[in-house]
Amino acid sequence: MAPSKVLAGARVVLPTGTVDNGRVVVDGARIADTAPPQAEVVDLSGHWVVPGFVDLHNHGGGGASFAGGTAEEILGGVETHRRHGTTTVVASAVTGDLDFLARHAGMLAELAQQGDIAGIHFEGPFISPCRKGAHDEQLLRAPDPAEVRKLVDAAHGHAKMMTLATELPGGLDSVRLLVEHGVIAAVGHTDATYEQTVQAIDAGATVATHLFNAMPPVGHRAPGPITALLEDERITVELINDGTHLHPAALQLAFHHAGAARVAFITDAMDAAGFGDGRYLLGPMEVEVADGVARLVEGGSIAGSTLTLDRAFKRAVTVDRLPVGDVVAAISANPARLLGLDDRIGSLEPGKDADLVVLDDAFDLVGVMRRGAWVVDPRLG
């Protein structure tokens, strides 16, 4: 059990707003109302304290692949992202052989059972060859509900989300099946029309996988999926705020139309996040990372990102000029709610896990706490 602490003097971002010269009481692994007499006081004057980041869509980091690595490698990748503020991460798979995906899901489920990851996101193989991005076209398939069910069952209750091209045969039935099993149905890597996307939302889809990327652009006669996803209050839109996947104006457009309550910042990170340039594998596909940008060796498509959520946070505040409270919603509260974990994480409230991030006045990360224990101690410089 971690010792009790009082984090004092910082600007603390709460669901009700920002409190100057605020304090957060940590008693063991939880946030508390009052501090015991022996609590250690940590002076964080001049800093921000925000909730720990929650990443819905992440394929790896620290040189490790969540989509194909061993348990030990995956834990190393999880630790890399924790050191960048992501105290809760969903491990995302990529398109592969169905039997391999099922076996790998079983291993990821064990990590979820242990509390190391928050669940599993299947991105592929049920996506459109027209919008495949960095997925192996030879392994793509239409979303047969029986095969969708196979992957859900293989996750032993830890499947959190599946990305589908819902316009393909079996797409709408697969959405309904996912909803019945408590799994988020996400529209992505899709060539759907506006009308087909509306049908998917009505069937139960609630997330747009990396909005704008791997889907048709907005047209004045063919508004496409982006328009349907932005306008519907039932949809939360994922955004990759790395300066490569989205023009700043596209990000502003999404915030304007969806509002801060319907945006979730994600990394879509691959192995190179927090690790460096070089050659990597994303599933079966070879990726070259140069100057922090990941692209397929063959074809040059963007292949995930090397983003960490601390960088996404800083960019959102300093480049995009978004209010800090809106960024906290997009990077913590909204994804926690989508995962059904907002009773435990996503905001700094008594009774919730003591998951938090300490930022300096330039919004650079200087501290990370997970369940009451420092992952990065701000007192160590």
Side-chain angles (χ1 to χ4, degrees), residues 5 7 10-14 18 24 26 29 31 42 44 47-62 64 66 75-92 115-118 238-243 263-269 272-275 292 305-320 322 324-336 339 341-342 344-348 352-381:
K5 308 174 187 69
L7 312 183
R11 303 183 75 181
V12 180
V13 181
L14 303 173
T18 299
V24 178
V26 178
I31 297 171
V42 181
L44 293 177
H47 293 76
W48 293 80
V49 175
V50 300
F53 307 149
V54 182
D55 197 351
L56 289 170
H57 185 156
N58 186 321
H59 298 282
F66 297 163
L75 290 175
V78 169
E79 180 64 17
T80 294
H81 283 283
R82 282 184 188 162
R83 296 186 66 81
H84 288 275
T86 299
T87 50
T88 301
V89 62
V90 173
S92 298
D116 296 306
I117 61 173
E238 294 181 348
L239 298 177
I240 308 170
N241 192 23
D242 61 353
V263 172
F265 280 142
I266 61 163
T267 60
D268 194 19
F275 200 67
S305 84
T306 63
L307 185 63
T308 52
L309 282 180
D310 57 330
R311 287 168 44 212
F313 192 112
K314 178 171 181 173
R315 180 180 176 85
V317 176
T318 62
V319 176
D320 302 308
L322 294 171
V324 172
D326 288 357
V327 179
V328 167
I331 214 163
S332 301
N334 299 343
L339 294 172
L341 298 175
D342 51 331
R344 285 183 36 221
I345 61 171
S347 60
L348 301 176
K352 293 192 176 184
D353 290 353
D355 291 358
L356 56 87
V357 174
V358 183
L359 305 167
D360 65 17
D361 59 0
F363 295 98
D364 289 313
L365 182 147
V366 295
V368 181
M369 178 181 286
R370 184 174 186 267
R371 297 180 184 172
W374 290 116
V375 178
V376 177
D377 192 329
R379 298 165 296 182
L380 300 180

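Treat the numbers as computed from the prediction; the structure is a model and nothing was measured.
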Mind checking the CG-NZ spacing from N241 to K314? Nearest 0.5 Å is all I need.
13.5 Å
Using every non-hydrogen atom in the two residues, find where G60 and A273 come nearest and quote the distance to one decimal.
O-CB, 4.0 Å
Minimum side-chain heavy-atom gap V49-R11 below 4.5 Å:
no
Do T306 and R311 touch side chain to side chain, with heavy atoms closer than 4.5 Å?
yes
M369 and side chain to side chain contact (heavy atoms under 4.5 Å, CB included): which single residue from V357, D355, V26 fits?
V26
Rounded to the nearest 0.5 Å, how far does CD1 of I31 lie from CG of L348?
4.5 Å
Once rounded to the nearest 0.5 Å, what's the spacing between atom CH2 of W374 and atom CG of L380?
10.0 Å
May I ask you to decide if T267's main-chain N or O and S305's side chain share a donor-acceptor pair within less than 3.5 Å?
yes
May I have the step-by-step check of side-chain contact (heavy atoms from CB on, under 4.5 Å) for L7 and L356, ending in yes or no?
CA-CA 11 Å; L7 312 183; L356 56 87; 3.6 Å; yes
L44 side chain reached by P378 side chain, heavy atoms, under 4.5 Å:
yes
Return the minimal non-hydrogen interatomic distance between R344 and K352, and the atom names on each side.
O-CB, 3.2 Å
Measuring from L75:CG to R82:CZ, what's the distance to the nearest 0.5 Å?
8.0 Å
Could you pull out the closest heavy-atom pair between T87 and G52, with the gap in Å?
OG1-CA, 3.3 Å
Contact check, side chains of R315 and D320, non-hydrogen atoms, under 4.5 Å:
yes
Donor-acceptor check, side chain of H59 to backbone of S92, threshold 3.5 angstrom: yes or no?
yes
E79 and V375, any side-chain heavy atoms less than 4.5 Å apart:
yes
From the list T86, T308, N58, side chain to side chain donor-acceptor pair (under 3.5 Å) partner of H81 resolves to N58
Using the side-chain contact (heavy atoms from CB on, under 4.5 Å) rule, take V366 and V376 through it: C-alpha gap first, then chi angles, then the decisive distance, then the call.
CA-CA 7 Å; V366 295; V376 177; over 6 Å; no
Least distance between heavy atoms, P335 atom then A329 atom
CD-O, 3.8 Å
Kindly indicate whether the side chain of V324, heavy atoms from C-beta on, has any atom under 4.5 Å from the side chain of F313.
yes
Answer yes or no: is there a side-chain heavy-atom contact under 4.5 Å between L339 and V54?
yes
Determine whether N334 and F265 make a side-chain contact, defined as any pair of heavy atoms from C-beta on separated by less than 4.5 Å.
no
Heavy-atom closest pair, residues D360 and W48:
O-CD1, 3.7 Å
Within this structure, what is the CD1-OG1 distance for the pair I117 and T88, rounded to the nearest 0.5 Å?
11.5 Å
Shortest non-hydrogen contact from D242 toward L307
CB-CD1, 3.8 Å
